[in-house]
Amino acid sequence: MSGSTIIIVILMVVYALAVLGIGQYANKKTGLGRSEYYVAGGGLGTITIFFTYLATYISTYGFIGLSAVYFSWGIEWLWFESMFYPTLIVPLTIFFGLRFYKLGKMHGYVTNADLIAHRLDSEGPVRVWVGLVMIVFPSIFYVGIQLIAMGAILSGLTGGEISHTFVVLFFAVVMVAYIILGGMRSVAYTDVFQGITMLLIIAVSIALVYANFGGFGEMFRLAGASEHAWIFERTLPPQYFYPALIMVGIVWGGLIPHLWVRFYAANSIKGVYAAGTAAGVGGALMYALMPLIIGTALAAYYPSVPEVAVTEQFVSMMFSDWMGPVLTAVLMFGLVAAGKSTADAILLNLSSILQVDILEKTLKVDWPEKRLDLAARLMCVAVIALASIGAFAPGLPIVSVAITLIWSSYSVLLIPVVIMLFWKRANKYGAMTGLVSGFVSLILFLYVIWPEWPHNPFYLWEGTLPVAIGIVTMVVVSLLTPAPSKEVLESFYGKEGA
Amino acid sequence: MAEYSKDYEKVSLELVPFDRFILWYCTIGTVLFLLFFNYMTTFEGIWIAGMPKSAFFVVVVGFVNIAIALVSRHGYKSHYDKILK
C-alpha cells in the first residue's frame with residue numbers, strides 16, 4: 001500500500017470519528033419518543049434547518065454525477081437537471097413547505113404516510129403501499145447512487161488500492177452508526193458540519209479550475225475548440241424534456257420524502273423560509289454552476305475520454321492530476337459529505353416508515369420500546385445492505401439511474417399527493433387506485449413492456465405515462481365513488497380549512 | 001420534547017395572495033421556458049461571454065435560482081409577518 005493510500009485511509013478514519021462524535025453529541029440531546037428521534041420533536045432551529053436542507057439537497061449527484069455525465073454524454077443531461085429549478089422547484093419549496101409545516105405541527109406527524117393516511121382516512125393499506133413500496137423502492141437506489149459516487153471518488157484516488165467495495169461498506173457502516181446514535185438530530189447536526197464542508201469545497205474547486213485554465217473564458221474556449229465540442233449540443237427530442245420539466249419540477253419543490261419531513265422538524269416558520277433559501281442556493285451551486293464548471297473543465301482538460309472503471313471517477317482523476325491524491329482526497333471529503341448527508345436522511349426516513357407506519361400503526365405490535373427501536377435500526381441496516389449490493393458493481397452513470405428510475409418513482413407517488421392536498425373531492429379509493437396504477441405501470445413499462453430506453457415508443461421521459469395513468473385513475477375513481485365525509489376533511493384540514 | 005413556536009396556527013392551507021402569485025409565476029415561467037427551450041439549448045459555437053448558448057443559459061438558471069429563492073422568502077415573510085404581529 002502506497003504512502004498516499006495510507007494517508008487517505010487515516011483521513012477516512014478521522015472523518016468517520018468526527019461524524020460519530022457529532023452523532024454522540026446528538027444522542028445526548030435527543031429525548032425519548034418517536035417524534036424526538038425522527039423529527040427532533042419539531043425543535044430544529046433556523047440555521048440547522050438551512051444546513052440540513054442544503055446538505056440533504058446537495059448530493060454527490062450534482063458535483064460528481066452531473067459533471068461526469070455532462071462530460072461524457074453532453075450538456076443536455078445537465079439541462080435535464082437544472083432547467084426546472086427557477087420555474088418550479090425553488091418557488092414551490094416554501095409553498096409546499098408551509099403546508100407540511102402546519103399539518104405536521106397540527107397533527108404531530110412523524111412520517112410521510114402519516115399525512116397521506118390521515119388525509120385519506122385509511123390506515124394499513126395506505127401505509128404499507130406508500131411507505132414500504134413507493135418510498136422504500138426508489139430510496140434503495142437513491143442511497144445506492146450516493147455510495148457508488150463515494151466509492152468512485154476514494155477508490156479512484158488510490159488507484160484501486162482501496163477497493164470500491166471497501167469504501168462503500170465503510171461509509172455504509174459509519175452512516176448507520178450515527179443514525180442509530182441520534183436520529184434526526186444526529187443527521188441534522190452532521191449536516192451542518194457537512195454543509196459547511198461542502199461550501200468550502202465548492203469555493204476551493206472554483207479557485208482551482210480558474211487557476212488551472214487561467215480563467216473560465218479560456219476553459220470554455222478550450223472545451224469548445226476540442227473534439228468534445230459536441231457536448232454543447234442537444235440530441236434528445238424536446239418531448240423527453242417537457243414532461244420532466246413539469247413533473248420532476250413539482251415533486252422536487254419540497255415534496256421528496258426525506259426533504260418533506262424536514263418541515264415537520266422545523267421549530268418555527270423561519271425554518272420553512274430557510275429551507276426555501278437552501279433550495280435556491282443548492283440548486284444554483286450544485287445543479288447548475290458547479291457541474292457546468294467542472295464538466296467543462298473535464299472537456300477542456302481531457303482531449304479524449306479517459307478509461308475509467310466508473311464514470312464518476314473523472315472528477316477526482318482530474319483534481320488528482322492537479323494537486324496529487326492526498327490533497328485531492330482532503331477536497332473530496334466534502335463530496336463524500338454531500339453523499340452521506342443525502343443518504344443518511346433517506347435512511348432515517350426509511351427507519352421511521354418501518355417503526356411507525358408498519359410496526360406501530362399497521363401491525364399494531366405490542367412490543368417493548370427497545371425492541372421497536374431495534375427493529376427500526378435493523379431496517380436501516382437492511383436498506384443500506386441492499387443499496388450497497390447494488391453499489392458494488394455499478395452499471396450505469398448515477399444520473400441515468402436517477403432520471404430513469406428514481407425521479408419517475410417519486411413522481412408517481414408525489415403528483416397524486418399534490419392533488420389530494422388541494423382537491424378535497426379526492427378520496428381513498430381514487431387515491432389508492434391512482435397510486436397503485438401509477439407505480440405498477442411504471443414497473444411494467446421499465447422492465448416488461450418496453451425494457452429498452454426510453455421505455456416508451458414516443459420518446460417521452462420515463463415517468464410521463466405512469467404519472468398520467470395515476471392521475472387519470474385517481475380522478476375518475478374518486479368521482480365515481482363517495483366523496484370524503486365532512487368529518488374526515490375537518491379532521492385533516494381543521495374546521496376552517498374543510 | 002423540544003419547544004416550538006405556535007406560528008403554524010396562522011399559516012393558511014388555503015391559497016393566500018402570495019401563493020397565487022407563486023402559482024402564476026410557475027405557470028407563466030414554465031410556459032415561457034418550454035417555448036424558449038429549443039433556443040436556449042441549441043449550439044451555435046461560442047455565443048456570449050466566451051460560452052456557447054447552451055452553457056450560458058445554465059449560468060443564467062443558476063443565478064435566477066438564488067433570485068427567486070430570495071423573492072419567494074421575502075414575499076412569504078412579508079405576508080406572515082403582518083399576520084403574526
Side-chain angles (χ1 to χ4, degrees), chain A residues 31 33 35-36 40-44 75-76 78-79 82-83 85-88 90-95 98-99 101-106 216-218 220-221 224 229 232-234 238 241-242 245-246 249 266-269 272-273 276-277 279-281 283-285 288-289 292 296 493-494 497, chain B residues 1-16 18-19 21-23 25-34 37-38 40-46 49-55 57-77 80 84:
Chain A
S35 169
E36 259 294 303
L44 293 184
I75 200 167
E76 57 195 341
L78 174 55
W79 265 101
S82 58
M83 64 186 180
Y85 272 83
T87 51
L88 289 167
V90 176
L92 288 178
T93 298
I94 298 181
F95 176 85
L98 284 167
R99 285 157 175 86
Y101 170 68
K102 179 181 177 89
L103 289 165
K105 290 282 181 282
M106 269 170 76
F216 295 127
E218 179 62 9
F220 275 105
R221 194 195 63 73
F232 296 113
E233 295 187 59
R234 209 192 71 228
F241 294 87
Y242 291 168
L245 170 66
I246 298 165
N267 72 359
S268 79
I269 197 170
V272 182
Y273 304 149
T277 311
V281 173
L285 292 177
L289 302 176
L292 180 70
T296 311
Y493 292 103
Chain B
M1 179 66 78
E3 286 298 315
Y4 56 79
S5 162
K6 296 277 184 195
D7 55 12
Y8 71 88
E9 291 170 356
K10 301 287 183 188
V11 173
S12 172
L13 294 174
E14 299 296 312
L15 295 180
V16 300
F18 196 73
D19 283 332
F21 171 79
I22 287 290
L23 292 179
Y25 165 78
C26 290
T27 308
I28 295 168
T30 301
V31 169
L32 286 176
F33 215 93
L34 293 177
F37 186 71
N38 267 332
M40 290 189 291
T41 56
T42 46
F43 179 60
E44 297 157 1
I46 300 301
M51 280 182 267
K53 198 162 49 177
S54 51
F57 280 107
V58 174
V59 176
V60 173
V61 161
F63 285 107
V64 172
N65 281 339
I66 295 175
I68 297 297
L70 295 176
V71 170
S72 169
R73 181 186 186 282
H74 176 75
Y76 278 111
K77 190 170 180 304
Y80 282 110
L84 292 168

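Here the structure is a predicted model, which means the values were calculated and not measured. Values reported hereafter were calculated over all heavy atoms of this structure, with side chains retained and with hydrogens, waters and symmetry mates removed.
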How are the rings of A:Phe232 and A:Phe220 set to each other: parallel, tilted or perpendicular (split at 30° and 60°)? tilted
Can you tell me how the ring of B:Tyr76 sits relative to the ring of B:Tyr80, calling it parallel under 30°, perpendicular over 60° and tilted otherwise? parallel
Quick one: which of [options] has the most heavy-atom pairs under 4.5 Å with chain A, could you say?
| options | value |
| --- | --- |
| B:Phe63, B:Phe57, B:Tyr25 | B:Tyr25 |
| B:Ala69, B:Ser12, B:Ala67 | B:Ala69 |
| B:Lys10, B:Lys53, B:Met40 | B:Met40 |
| B:Val64, B:Leu32, B:Thr30 | B:Thr30 |

Nearest heavy-atom contact between B:Met51 and B:Val59 is SD-CG2, 3.9 Å
For B:Glu9 and A:Lys102, the nearest pair of non-hydrogen atoms, with its separation, is O-NZ, 3.3 Å
Taking the side chain as C-beta and beyond, is there a heavy-atom pair between [X] and [Y] under 4.5 Å?
| X | Y | value |
| --- | --- | --- |
| A:Ile94 | B:Arg73 | yes |
| B:Ser72 | B:Ile22 | yes |
| B:Leu23 | A:Leu92 | yes |

With a 4.5 angstrom heavy-atom cut-off, is it the side chain or the backbone of [X] that approaches chain B, or both, or neither?
| X | result |
| --- | --- |
| A:Phe241 | side chain |
| A:Leu98 | both |
| A:Ile269 | both |
| A:Leu285 | neither |

Measure B:Phe18 against the heavy atoms of chain A and call it side chain, backbone, both or neither at under 4.5 Å. neither
Honestly, the part of B:Leu34 sitting under 4.5 Å from a heavy atom of chain A is both
Would a distance-only check, ignoring hydrogens and angles, find a side-chain to backbone donor-acceptor pair under 3.5 Å from A:Lys105 to A:Ala266? yes
Counting heavy-atom pairs closer than 4.5 Å to chain B, which one of A:Tyr242, A:Phe216, A:Tyr85, A:Tyr273 comes out on top? A:Tyr273
Ranking A:Glu76, A:Met83, A:Met106 by heavy-atom pairs under 4.5 Å to chain B gives rank one to A:Met83
